[in-house]
Amino acid sequence: MIIITHPRRRNRLATLINSPGGISVGIALAQARDNIEAMRGQAMTVIDAGISALEAVPAPATREEAPASLDHAYRAATSVIDAAGPFELFDLCRAAAGLCDLIGAIDPEQPFDWRIVTVHARSLRLLQTLPLEAARERAHILESLSEVIQRKLAQPG
């Protein structure tokens, strides 16, 4: 029987992790939080721009314009999700994700009720301006948006 052996390479990352002198997990997490927090201002600017873009998307005048308008609305909503997620602004994420879910679930051949986009844009703006302590009001807004989405998804084309 022949056994072929080869020298094993040492993994550089494993060596670094296993060697003393690193920082503790708690310190690393605190540093990561500080690094993310330093970007909060930028994220709030991106969120504001995403909501503004959603507010500015014109309702399609024809059925042919609808896919492009819905695509713009979808991209604006996902930009809000991307910027709000790392800062645990879950109510903004949930509202924007609901709009994305609805846009993704509709039949592109069927007419789309553009008022839904308008309501989501205004709701996102309201959620953005409400203080974090207004938990009851935030929950009511999210519940109302969920009802709108459920009704629209339940409607036959």
Side-chain angles (χ1 to χ4, degrees), residues 11-14 16-17 23 25-157:
N11 182 315
R12 188 170 156 232
L13 179 59
L16 287 172
I17 290 172
I23 59 173
V25 172
I27 292 172
L29 287 173
Q31 288 176 348
R33 272 191 227 86
D34 291 343
N35 290 341
I36 287 177
E37 199 57 40
M39 299 181 76
R40 184 177 285 275
Q42 269 182 290
M44 295 304 137
T45 302
V46 171
I47 291 168
D48 188 57
I51 295 171
S52 294
L54 192 57
E55 291 169 329
V57 176
T62 65
R63 191 175 281 206
E64 291 75 30
E65 292 176 6
S69 294
L70 288 169
D71 184 55
H72 288 302
Y74 189 91
R75 282 188 278 128
T78 57
S79 72
V80 171
I81 296 168
D82 292 344
F87 298 95
E88 299 179 354
L89 300 172
F90 299 128
D91 49 358
L92 287 172
C93 291
R94 186 171 157 204
L99 179 59
C100 289
D101 291 345
L102 182 63
I103 291 171
I106 62 164
D107 180 359
E109 298 300 316
Q110 297 298 320
F112 183 78
D113 186 354
W114 198 257
R115 296 174 299 177
I116 294 171
V117 175
T118 304
V119 165
H120 273 79
R122 289 179 181 164
S123 297
L124 284 165
R125 183 66 71 197
L126 182 57
L127 287 168
Q128 180 192 30
T129 59
L130 277 174
L132 293 175
E133 299 80 37
R136 200 171 87 228
E137 292 84 356
R138 291 172 172 279
H140 182 69
I141 292 168
L142 293 173
E143 184 180 317
S144 297
L145 289 175
S146 285
E147 288 175 15
V148 168
I149 292 169
Q150 289 171 0
R151 285 182 186 148
K152 287 301 177 182
L153 289 177
Q155 284 182 353

### Task
Using modelled atom types only, decide if a donor and an acceptor are shared between the side chain of Glu65 and the backbone of Ala61 within a distance under 3.5 Å.
yes

Side-chain donor/acceptor pairs under 3.5 Å, residues 116-123, sequence neighbours excluded:
from, atom 1, to, atom 2, distance (Å)
His120, ND1, Ile116, O, 3.0
Ser123, OG, Val119, O, 2.8

### Query
Between Phe87 and Leu92, is a side chain to side chain contact (heavy atoms under 4.5 Å, CB included) present by the stated rule, with each step listed?
CA-CA 11 Å; Phe87 298 95; Leu92 287 172; over 6 Å; no

Donor-acceptor contacts under 3.5 Å from residues 94-105 side chains, at least two apart:
from, atom 1, to, atom 2, distance (Å)
Arg94, NH2, Ser146, OG, 3.4

### Task
Assess whether side chain to side chain contact (heavy atoms under 4.5 Å, CB included) is satisfied between His140 and Arg136, documenting all intermediate values.
CA-CA 6 Å; His140 182 69; Arg136 200 171 87 228; over 6 Å; no

### Task
May I have the step-by-step check of side chain to side chain contact (heavy atoms under 4.5 Å, CB included) for Phe112 and Ser69, ending in yes or no?
CA-CA 11 Å; Phe112 183 78; Ser69 294; over 6 Å; no

Which pairs of donor and acceptor atoms, one on a side chain in residues 41-51, lie under 3.5 Å apart (sequence neighbours left out)?
from, atom 1, to, atom 2, distance (Å)
Thr45, OG1, Gly41, O, 3.0
Asp48, OD1, Arg125, NH1, 2.4

### Message
Quick check for you: to the nearest 0.5 Å, what is the distance between Leu70 atom CG and Trp114 atom CH2?
### Response
5.0 Å

### Task
Measure the shortest side-chain to side-chain distance between Glu37 and Arg33 over non-hydrogen atoms and say whether it is less than 4.5 angstrom.
no

